[in-house]
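Heads up: numbering here begins at 1 and tracks the sequence.
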Amino acid sequence: MTIVGGNGDGDATNQLYCPQGLFVDDDQTVVIADWRNNRIMQWKNGDTTNGQVVAGGKGQGKGLHQLAFPTDVLIDKETDSLIIADAANKRVVRWSRRSGTTPGEILIDNISCYGLAMDEQRYLYVSDYEKHEVRRYQLGEKNGTLVAGGNGKGDGLNQLNLPTYLVVDRQQNVYVSDNSNHRVMKWNKGAKECIVVAGGQGAGSALTQLCRPNGIFVDTMDTLYVADLGNHRVMRWTQGDKKQGAVIVGGNGSGAGENKFSGPVGLSFDRHGNLYVADRDNARVQRFSIK
């Protein structure tokens with residue numbers, strides 16, 4: 001079902017405009033990087049009519065009260081705040097979710113940030129699409145530690161080419177959507193090279209291939225879910241079969257029907273096992289019950 005948007009491109013509270021990354025909280029509250037609207041939207045579970053602007057929404061700009069084409073967002077439960085990849089401003093910012101607090105504290109500056117993840121020790125991971133790398137930061141730290149890529153743009157096992165979204169498991173292994181290499185990479189903690197866990201067979205629509213992968217999610221069984229943007233589908237890759245994945249939603253061409261996507265980008269699950277997908281060109285977020 002469509003739980004957010006689906007009312008065409010726009011900046012009303014029941015609309016989105018090119019939604020990107022999303023995050024689902026324990027109570028099924030969804031926060032979405034509403035890219036073209038330069039804002040973060042929040043939708044409470046059960047209210048599929050209107051969301052609320054929780055960061056930005058003051059036009060594109062560099063002010064601390066503004067955002068510029070945000071690509072990803074997560075909720076830091078410890079501080080009850082949003083951490084946002086403020087991509088066009090080349091900074092990662094934190095906005096408190098408590099009312100009456102001042103917005104927009106800069107955590108990391110001068111970074112071509114795209115995707116964000118946080119591990120159980122509250123280390124922050126950020127992908128850099130210009131340096132083709134992922135770094136891990138202690139909150140408050142400016143330089144971070146290289147954990148993936150960082151060897152220039154390329155398709156080697158120690159390289160990335162336009163890393164977008166990422167996820168970190170309990171062992172601090174990092175999974176990265178290696179967008180322009182049409183693959184998803186797993187970097188074990190401390191490793192100098194990675195493992196291809198999905199795709200890597202060139203751009204295509206076969207079950208062994210991906211085309212511009214974006215949002216990813218890894219469950220406790222190490223099953224990988226991928227928003228396969230170029231193929232308008234979501235795929236599942238199990239540990240036992242790394243050679244090919246299975247289409248679980250979409251894959252029926254671009255469109256606005258219930259079983260179709262037009263550019264799926266953000267992807268997440270809630271704790272009940274429901275799948276959420278930011279369907280960019282349909283300006284909506286859909287929720288699926290996955291058996």
Side-chain angles (χ1 to χ4, degrees), residues 2-25 29-44 47-76 79-116 124 126-130 139 142 162 164-165 179 214-215 229 262-266 268 276-286:
T2 298
I3 59 158
V4 173
N7 299 302
D9 295 328
D11 62 0
T13 54
N14 68 345
Q15 291 178 305
L16 298 168
Y17 197 171
C18 288
Q20 302 279 316
L22 55 84
F23 184 92
V24 186
D25 206 357
T29 296
V30 183
V31 287
I32 306 143
D34 191 10
W35 190 74
R36 288 290 292 270
N37 283 324
N38 305 297
R39 67 186 185 184
I40 305 298
M41 294 294 289
Q42 175 175 286
W43 297 67
K44 296 276 193 189
D47 184 4
T48 54
T49 315
N50 289 291
Q52 65 180 122
V53 181
V54 288
K58 307 286 188 191
Q60 180 190 345
K62 290 185 184 303
L64 287 178
H65 63 298
Q66 293 175 304
L67 299 170
F69 299 107
T71 48
D72 206 6
V73 59
L74 57 82
I75 295 172
D76 177 13
T79 58
D80 194 19
S81 60
L82 302 169
I83 296 177
I84 302 161
D86 190 12
N89 281 327
K90 295 196 170 187
R91 64 190 185 188
V92 177
V93 293
R94 175 162 59 194
W95 287 58
S96 174
R97 298 173 80 202
R98 300 186 181 107
S99 58
T101 52
T102 53
E105 170 198 359
I106 298 173
L107 292 178
I108 308 163
D109 220 342
N110 301 313
I111 181 170
S112 298
C113 53
Y114 205 101
L116 303 171
L124 180 67
V126 187
S127 63
D128 186 320
Y129 63 85
E130 285 190 343
L139 288 176
K142 297 296 182 192
L162 188 64
T164 53
Y165 294 100
N179 184 279
N214 271 265
L229 182 141
S262 185
V265 182
S268 191
Y276 296 72
V277 183
D279 189 9
R280 184 189 67 192
D281 298 333
N282 284 321
R284 66 186 181 185
V285 174
Q286 288 184 287

Side-chain contact test, heavy atoms from C-beta onward, threshold under 4.5 Å: evaluate it for [X] versus [Y] and give yes or no.
X      : Y      : value
Asp72  : Thr164 : no
Thr2   : Asp279 : no
Leu74  : Leu124 : yes
Asp128 : Val126 : no
Leu82  : Ile75  : yes
Leu16  : Met41  : yes
Asp25  : Val31  : no
Trp95  : Ile40  : no

Per ring pair (Phe, Tyr, Trp, His ring centres under 6.0 Å), Tyr165 is matched among Phe23, Tyr114, Tyr129 by Tyr114
Main-chain N/O of [Y] paired with [X] side-chain donor or acceptor, under 3.5 Å:
X      : Y      : value
Arg97  : Val54  : no
Lys142 : Leu107 : yes
Asn179 : Leu162 : no
Asn38  : Phe69  : yes
Thr13  : Asn50  : no

Taking side chain to side chain contact (heavy atoms under 4.5 Å, CB included) as the test, write out the residues that go with [X], two or more places apart.
X      : value
Thr79  : Asp76, Ser81, Arg94, Arg122
Pro264 : Ala227, His232, Phe261, Val277
Gln66  : Lys58

Walk me through it: do Lys90 and Ile111 pass the test side-chain contact (heavy atoms from CB on, under 4.5 Å)? CA-CA 5 Å; Lys90 295 196 170 187; Ile111 181 170; 5.7 Å; no
Check against side-chain contact (heavy atoms from CB on, under 4.5 Å), Ile3 and Trp43
CA-CA 9 Å; Ile3 59 158; Trp43 297 67; over 6 Å; no
- prompt: For Val93 and Leu67, what are the C-alpha separation, side-chain angles and deciding distance, and is it a side-chain contact (heavy atoms from CB on, under 4.5 Å)?
  reply: CA-CA 9 Å; Val93 293; Leu67 299 170; 4.0 Å; yes
Sorted by chain and number, sequence neighbours left out, salt bridge (charged side-chain N to carboxylate O under 4.0 Å, His left out) with Asp9 holds for none
Q. Between Asn214 and Arg280, is a side-chain contact (heavy atoms from CB on, under 4.5 Å) present by the stated rule, with each step listed?
A. CA-CA 11 Å; Asn214 271 265; Arg280 184 189 67 192; over 6 Å; no
Contacts of Tyr17 meeting ring-ring contact (aromatic ring centres under 6.0 Å, His included) (sequence neighbours excluded), chain-then-number -> none
Residues at least two apart in sequence or cross-chain that pass side chain to side chain donor-acceptor pair (under 3.5 Å) with Asn37, listed by chain then number, are Asp34
